[in-house]
Every structure is written in structure tokens, then in C-alpha cells.
Engineer: 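Please see the structure below; I have some questions.
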Number of protein chains: 2
Amino acid sequence: MAISFAEENYLKIIYRLSESTSDDISTNAIAELTQNKAASVTDMLRKMSDKGWVNYQKYQGVRLSETGEKIALDIVRKHRLWEVFLVNKMGFNWDEVHEIAEQLEHIESEVLVDKLDAFLDYPRTDPHGDPIPNKKGELPQLGYIPLANMPIGKAGKLVGVAQDSAVFLQLLTKLNLKLGANLEITEINAFDLSVSLRIDGNPPVLISHEVAKNVLIKR
Amino acid sequence: MAISFAEENYLKIIYRLSESTSDDISTNAIAELTQNKAASVTDMLRKMSDKGWVNYQKYQGVRLSETGEKIALDIVRKHRLWEVFLVNKMGFNWDEVHEIAEQLEHIESEVLVDKLDAFLDYPRTDPHGDPIPNKKGELPQLGYIPLANMPIGKAGKLVGVAQDSAVFLQLLTKLNLKLGANLEITEINAFDLSVSLRIDGNPPVLISHEVAKNVLIKR
DNA sequence: ATTAATTTTTAGTCTAGCCTAAAAATTTTA
DNA sequence: TAAAATTTTTAGGCTAGACTAAAAATTAAT
Ligand SMILES: [Mn+2]
Ligand SMILES: [Mn+2]
Ligand SMILES: [Mn+2]
Ligand SMILES: [Mn+2]
């Protein structure tokens, strides 16, 4: 049996949750991202465990197996390559591509993915600065850090975002924060951790800590 | 509720069957193309009839309603545009694209289809010479006729195929029959209706009636 | 015009993937 | 450390879309 869209989506979401923690992933966390109820998640975890894609013990949370991670990385690769296609070739904005890529990531053809990769000139990152796994599932090491962690007075380049919700991306665009911009923190306000930020040498503007946490820079 | 892949496939297949007849389409004919059993088709026809996409009376066969035909034409449009993309931009051969387009045709984004259409320079036909419906569902009138119907001695240009199975397309390639080739029938053998054919001025070669029926030319 | 063959529909089942409500386990709080 | 709150699982149910086997309708052949 071939893998289903539902299974692919679960694996991808477990992968995403695993990126930001070394703990086992909870049923509830998965339920929130898949937009399903916890009971449905439990069901699916049992099935995927039987298939050997995850290591799951009830009440103990779940982790991807090696096979599961490979599958997840392949879907992530497709998702991000298609996003590059949509932005670079089809002229979409970076806040418009997520839903379409969510569908395109399930297209099944290894040859197509390779040809697409070549057509796009083997991009290392997607339009949000996220790294694109190669054919073998290896991620390029990018060394990106959240803007919120950059010391005052040092300059860095905006190279990615830690989130790709449309509202967030649209806010960045409004603030003139786009990929490649030169950033320097001039001040951090102790009260709310908001940040005074110089963008491309212009007079500083104020952004929230929430934004600063989700903007990725390279020094 | 959004339309499902299964429903889209049924509509597209009923459309395809309707192209070559004005009769109502039989349950069995649909079953053969969808690769399902007749009982499953009956089930689906009832459901699609309730949704107003087909006119169906049991034992009497089925026809697309106006809405149903619009949906079908939209899927055909997407299928054929994606085929052009795969051949012209991704470098696939014309016998390799059908299965992938079968998946891509279900991607839901009107904007994407329009952008793709523009990206491909508004093609009028797909890699098999089949007409691509426009946004409104109108098909360009191409005036293609089967090679088998061309009179002896007259010349025509190969502009399409009436079938796109991989074996057939590969045979054409082997026979050096590709889109754009200049064709002239020099002889038709009464015994088996096989055809002596001059391709681009070369010495005549023999092709079967079966092939001649499925090659489309414009005079 | 019957009978036989074929086609289509009905009836009953199955699986995937979801749901709600209730029970059980775990974690937090007092 | 016992009670309360939260999380997770179980139990039972639902729909979409398939299936098989049997019945009914239509079509073809005597
Ligand atoms: Mn998806
Ligand atoms: Mn992305
Ligand atoms: Mn399809
Ligand atoms: Mn085609």
C-alpha cells in the first residue's frame, strides 16, 4: 500500500515538532497542528507505529523512526522546492504559497522532484529561508539565529523566518523586512523586550519581541 | 464540501467518453476507465446525480449536466496545462507525463492555473495535440482528422494523437512519427487496411490501420 | 415470443480517517 | 501525598469510497 496524504501530513508535523525539542512529541501537540481531535491522533499513531514509521508507547508520546524521518524529510523537501517554484517561477508572494505547497508536496514522482530541483538551480533554502533537504535527506547547515538573540550594535542579514503564517509574513513586508535586509539592533527595551531596529541603514524602527524571535539572521 | 479526487476523476472520465458519442454513457464503460467495479460506479452516479453534476436515470446511462461539464473541462484544462509544463519545462517525453498530470490535475488553486497558463505562453494544445480549454471552458477548434481518413496522395501535418497510452506513444517515436512531421499516404492495402506512409519526404514505411486511426493530422 | 446472455442495480461488508463521550493514566496543585 | 486538573486512550459511531454476491432489468438470440 502506498502512503496516504493523511499519513504524510502526520509525519511532516511530527517532524516539525521534533525540530524544536528533543522530548517525545505529545498527542495534543500533534492534534493541534493537524487540526484533528486527540482521539484521532491516538488512532493514527497506533497505525503508523505498526508500519514502523514512529516509535510510540501509549501515554509516553511519540518519535519518528529512521524510516519515518526519511519520509518526512522527503515531504519537507518537496514542500520547500514547490514553494521556490511558486515564488521564483510563478510570481507568488512569500505569504501566498503555503497552502498550495501543502497540496503539491504530495505529488508522487521522484523524477519530477529531481527535475524540479534542477530547474530551480538547486536552491538551498525556500522563500522563508528554511533549508531544503537534498535527495538523501541531508539538510544544509545554515547557522541562522533568531534576531532576538543578536547582541546590540552588531549587524546581521535577514536570511529566514521561524514561522510562515500569512499574517506574520504580511507584517514583515509592511515593516520592510525582507530576505537579504541588513539589520542592526540599536536598543532593547527592558519593559516588553521590544527592539529598536535599523534596517538597511535607515533610522531605527520599533518591532515587538514576538517578531524579533521569529526573524532569523546570519551574522 | 469541496469536490473529492474520486469525484473529479469520475467527471473527467464521463467527459472523455462523451467526446466520442452522443449516446448516454454506460455504467460499464465508466467502470472500465475508472478501474472500479460496476456496482461502485452505480453508487457514485447516484451521489453525483444528487449533487447535480450528472443526469442519471437507472438503467438508462448518464450524461454530464452543465455544471458537471464545467467542472470536467476545468480538470481537463489543468491536466493538459500540467502536461505542457512537464514536457516543455521539465524535459519529460510525451509518453511519461500522463500519470503525473493525473495527480497534478487535482491541485486546487485558480490563481496557480492562470499563472501556469501565462508561464507556458497560453498553449492551445497539450503534448499529444489535445486542445486545452480556456478559463471559460471553451475549446479551441483545431480541425484535426485521423490519418486513416486522409485521401491517398494528399499531404498533412501530424498535429496530435487520439490516445496517449505509453506503448502507443513509444511506438510512434520509434516510427519517427512526431508532432509536426509531414505525412503523405502513398497506398492503402485493402487486406488489412495497413498504410504506406511517406514521412517528411522519406521512402514510405508501413503502419497498421490501428496506428493510422490514432494519429491526427491537419491538411 | 420465449429463452438466454448481458448489464445494471441492490444488499450487505470492509477499511481509512475522522468524530464524541466516557474511562483511565498522568501531572499538577494544595 | 491526596485531591484536582489535564492529558491520553478506549469504546462506539459515522461517511466516503471501494468490494462481492445475488437480484432485477435490459438486450440479444433462438
Ligand atoms: Mn499536505
Ligand atoms: Mn516555507
Ligand atoms: Mn486524476
Ligand atoms: Mn494529453
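Side chains included, hydrogens not; waters and symmetry mates left out as well; all remaining heavy atoms used. A note on names: the letters A, B, ... follow the listed sequences, proteins ahead of strands, and every chain is numbered from 1. The shown structure was predicted, so the numbers you read here are calculated from the model rather than taken from an experiment.
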Engineer: What is the per-nucleotide protein-contact pattern of nucleotides 7-13 of chain C, from the 5' end, where B denotes a base atom under 4.0 Å from a protein heavy atom, S denotes such proximity for sugar-phosphate atoms only, and - denotes neither?
Structural biologist: SBBB---
Engineer: Does Thr34(B) reach the main-chain N or O of Ile30(B) with its side chain, forming a donor-acceptor pair under 3.5 Å?
Structural biologist: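 Judged by distance alone, yes, a pair lies under 3.5 Å.
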Engineer: Quick check on the 6.0 Å ring-centre criterion: do His98(B) and His128(B) meet it?
Structural biologist: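 No, too far apart.
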Engineer: In plain terms, say whether Glu110(A) and Lys135(A) are close enough for a salt bridge, that is, a side-chain N and a carboxylate O under 4.0 Å apart.
Structural biologist: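 Between Lys135(A) and Glu110(A) there is a salt bridge, with a charged N closer than 4.0 Å to a carboxylate O.
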Engineer: Rounded to whole angstroms, how far apart are NZ on Lys51(B) and P on dG17(D)?
Structural biologist: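 Computing the Lys51(B):NZ to dG17(D):P distance gives 7 Å.
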Engineer: If the cut-off is 4.0 Å, is Tyr10(A) near the phosphate of dC18(C), judged by side-chain N/O to OP1 or OP2?
Structural biologist: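 Yes, within the criterion.
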Engineer: Quickly work out the Met1(A) CE to dA18(D) C1' distance and round it to whole Å.
Structural biologist: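 These atoms are roughly 11 Å apart.
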Engineer: Has Arg124(B) got a side-chain atom pairing as donor or acceptor with Pro133(B)'s backbone, closer than 3.5 angstrom?
Structural biologist: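 Not at all, since once roles are kept as given, no pair shorter than 3.5 Å links the two residues.
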Engineer: Pairs under 3.5 angstrom, nitrogen or oxygen only, protein versus nucleotides 1-4 of chain D, please.
Structural biologist:
none

Engineer: Please state how far atom NZ in Lys37(A) lies from atom P in dA22(C), giving the value in whole angstrom units.
Structural biologist: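 Checked: the NZ to P distance equals 16 Å.
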Engineer: Before you tell me yes or no, could you show the steps for Tyr10(A) and Phe5(A) under ring pair (Phe, Tyr, Trp, His ring centres under 6.0 Å), namely the whole-Å CA-CA distance, both residues' side-chain angles and the distance that decides it to 0.1 Å?
Structural biologist: CA-CA 9 Å; Tyr10(A) 272 98; Phe5(A) 283 24; over 10 Å; no
Engineer: Take a 6.0 Å sphere around CD of Glu19(B) and say whether it holds more than 12 heavy atoms from other residues, nucleotides or ligands.
Structural biologist: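 Result for CD/Glu19(B): enclosed.
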Engineer: If I take atom CG in residue Asn9(B) and atom P in nucleotide dG17(D), what distance separates them, rounded to the nearest angstrom?
Structural biologist: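 Computing the Asn9(B):CG to dG17(D):P distance gives 11 Å.
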Engineer: Quick one: do the Asn55(B) and Ser65(B) side chains pair a donor with an acceptor below 3.5 Å?
Structural biologist: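 On atom types as modelled, these side chains do not qualify, holding no pair under 3.5 Å.
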Engineer: Between atom CZ in Phe5(A) and atom P in dC18(C), what is the gap in whole Å?
Structural biologist: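 So the CZ-P distance, Phe5(A) to dC18(C), works out to 13 Å.
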Engineer: Quickly work out the Gln35(A) CD to dG17(C) P distance and round it to whole Å.
Structural biologist: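 Nearest whole value for this atom pair: 18 Å.
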Engineer: Between Glu210(A) and Ser208(A), do the side chains contain an N or O donor and an N or O acceptor separated by less than 3.5 Å?
Structural biologist: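 Side chains of Glu210(A) and Ser208(A): no pair found under 3.5 Å.
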